[in-house]
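Down below is the structure, laid out as structure tokens.
By convention here, the first residue in the shown sequence is residue 1. Counting convention: from 1, in listed order, for ligands and their atoms alike.
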Amino acid sequence: MEGTSAREHLNNFIVGSVPTVFYIPDYITASEEDRLLNNIYQAPVSKWKSLKNRRLQNWGGTVHEKGLLAQDLPPWLKQITHRISEESRLFPSELNHVLINEYLPDQGIMPHQDGPAYVPVVAILSLGSSVVMDFTPHPSLNNSTDTSGNNIDDKTSKPAHMAMNSSQGLNKYRSFSVVLMPRSLLIFKDKAYSDYLHGIKGCEMQRYDEAVNVSNSMKSHGQAQPTSGSKKASDDFETGGDTVIHRTGRRISLTCRVVMKVHKNLIKL
Ligand SMILES: O=C(O)CCC(=O)C(=O)O
Ligand SMILES: [Fe+2]
């Protein structure tokens with residue numbers, strides 16, 4: 001696909017009003033998902049690093065403050081990262097680093113920002129069970145007014161992601177969520193990357209009232225809008241007035257990024 005048309009196509013997948021979050025349901029097929037899972041679980045046990053609330057595999061090398069001590073990605077990962085960078089045209093070079101996180105239904109990741117070593121665009125491919133990712137304004141921002149006005153075309157109105165403060169109409173950044181269905185691809189950059197923290201709550205029941213992509217994710221599964229009926233949409237979704245995901249299985253995510261400064265060996269660090 002040509003660069004411009006690829007990007008125009010991608011614009012159809014923008015969700016919410018904070019620049020810029022793309023959510024692409026069913027980015028990969030169920031058999032591609034199976035193949036990735038097989039490769040992930042074929043890795044030696046020593047490849048897993050256990051953290052307090054999840055475990056992860058690190059591929060592409062070790063990220064240091066001064067850059068990446070690079071290792072080639074295995075072909076099964078290169079295939080998917082190449083496709084993501086080709087199709088999105090959002091990355092300045094090939095994706096060279098992939099973190100694979102595994103979460104049990106009661107596990108999550110604390111609200112955080114990705115480190116400074118990365119180019120500020122991240123692509124997250126989801127496998128397994130659905131989760132809700134929450135975006136919360138960086139604590140340093142909620143007391144300040146955004147005066148740039150560069151989020152909107154009509155500069156006289158407030159960007160939709162800024163909540164009104166009743167006393168003086170002060171702009172405040174507003175939290176939002178994205179439901180991450182299995183096989184979906186999430187890409188975020190710009191303010192969503194620089195001004196917001198992202199995280200996943202470590203609980204089995206997750207509310208998605210503030211989800212900016214709900215109709216998208218429901219549509220891709222041929223289901224009704226979660227708020228519109230009392231019928232249960234799927235095993236994972238409860239729609240009887242409550243917008244809640246019940247996480248039943250493990251979720252695996254591939255966080256794909258570019259580290260700009262690459263070192264091939266330690267001596268150059
Ligand atoms: O698992 C996810 O979807 C998020 C992972 C993440 O934010 C990270 O690895 O920095
Ligand atoms: Fe992250």
- Item | Arg257 touching ligand 1 at heavy-atom level, < 4.0 angstrom | yes
- Task: Looking only at protein heavy atoms, identify the closest one to atom 3 (O) of ligand 1 and say how far it is in Å.
- Result: Arg251 NH2, 2.8 Å
- Message: Starting from Leu37, can I reach Leu73 by hopping between I/L/V/M/F/W/Y residues whose side chains sit under 4.5 Å apart?
- Response: yes
- Out of the N/O/S atoms in Asp114, what is the name of the one closest to the Fe ion (ligand 2)? OD1
- Query: Do Phe188 and His198 have ring centres separated by under 6.0 Å?
  - Reply: yes
- Near Gln79 CD, under 6.0 Å, is it more than 12 heavy atoms from other residues, nucleotides or ligands? no
- Item | Contacting atoms of ligand 1, where contact means under 4.0 angstrom from a heavy atom of Leu99 | 9 (O)
- Query: Among protein heavy atoms, which lies nearest atom 9 (O) of ligand 1, and at what distance?
  - Reply: Asn101 ND2, 3.2 Å
- Run the numbers for me: atoms of ligand 1, each under 4.0 Å from some heavy atom of Ser253, listed by number. 1 (O), 2 (C), 3 (O)
- Hey, does the Lys NZ or Arg CZ of Arg250 hover above the aromatic six-ring of Tyr41, less than 6.0 Å from the centre and inside 45° of the axis? yes
- Once rounded to 10 degrees, what value does the angle at the Fe ion (ligand 2) take between NE2 (His112) and NE2 (His198)? 90°
- Considering only heavy atoms, does Leu186 approach ligand 1 within less than 4.0 Å through its side chain, its backbone, both, or neither? neither
- Message: Salt bridge check, Arg55 against Glu102: does any charged N sit closer than 4.0 Å to a carboxylate O?
- Response: yes
- Message: Please list, in number order, the atoms of ligand 1 under 4.0 Å from a heavy atom of Tyr103.
- Response: 1 (O), 2 (C), 4 (C), 5 (C)
- Message: In this structure, is the centre-to-centre distance between the rings of Phe135 and Phe176 below 6.0 Å?
- Response: yes
- Query: Is it the side chain (CB and beyond), the backbone, both or neither of Leu56 that lies under 4.0 Å from ligand 1, heavy atoms counted?
  - Reply: neither
- Could you tell me which atoms of ligand 1, counted from 1 in the order shown, lie closer than 4.0 angstrom to a heavy atom of Met133? 2 (C), 3 (O), 4 (C)
- Assess Lys47 against Trp59: is NZ or CZ under 6.0 Å from the centre of the six-membered ring, and within 45 degrees of the ring's axis? yes
- Item | Axial cation check for Tyr27 ring with Arg83, 6.0 Å and 45° limits | yes
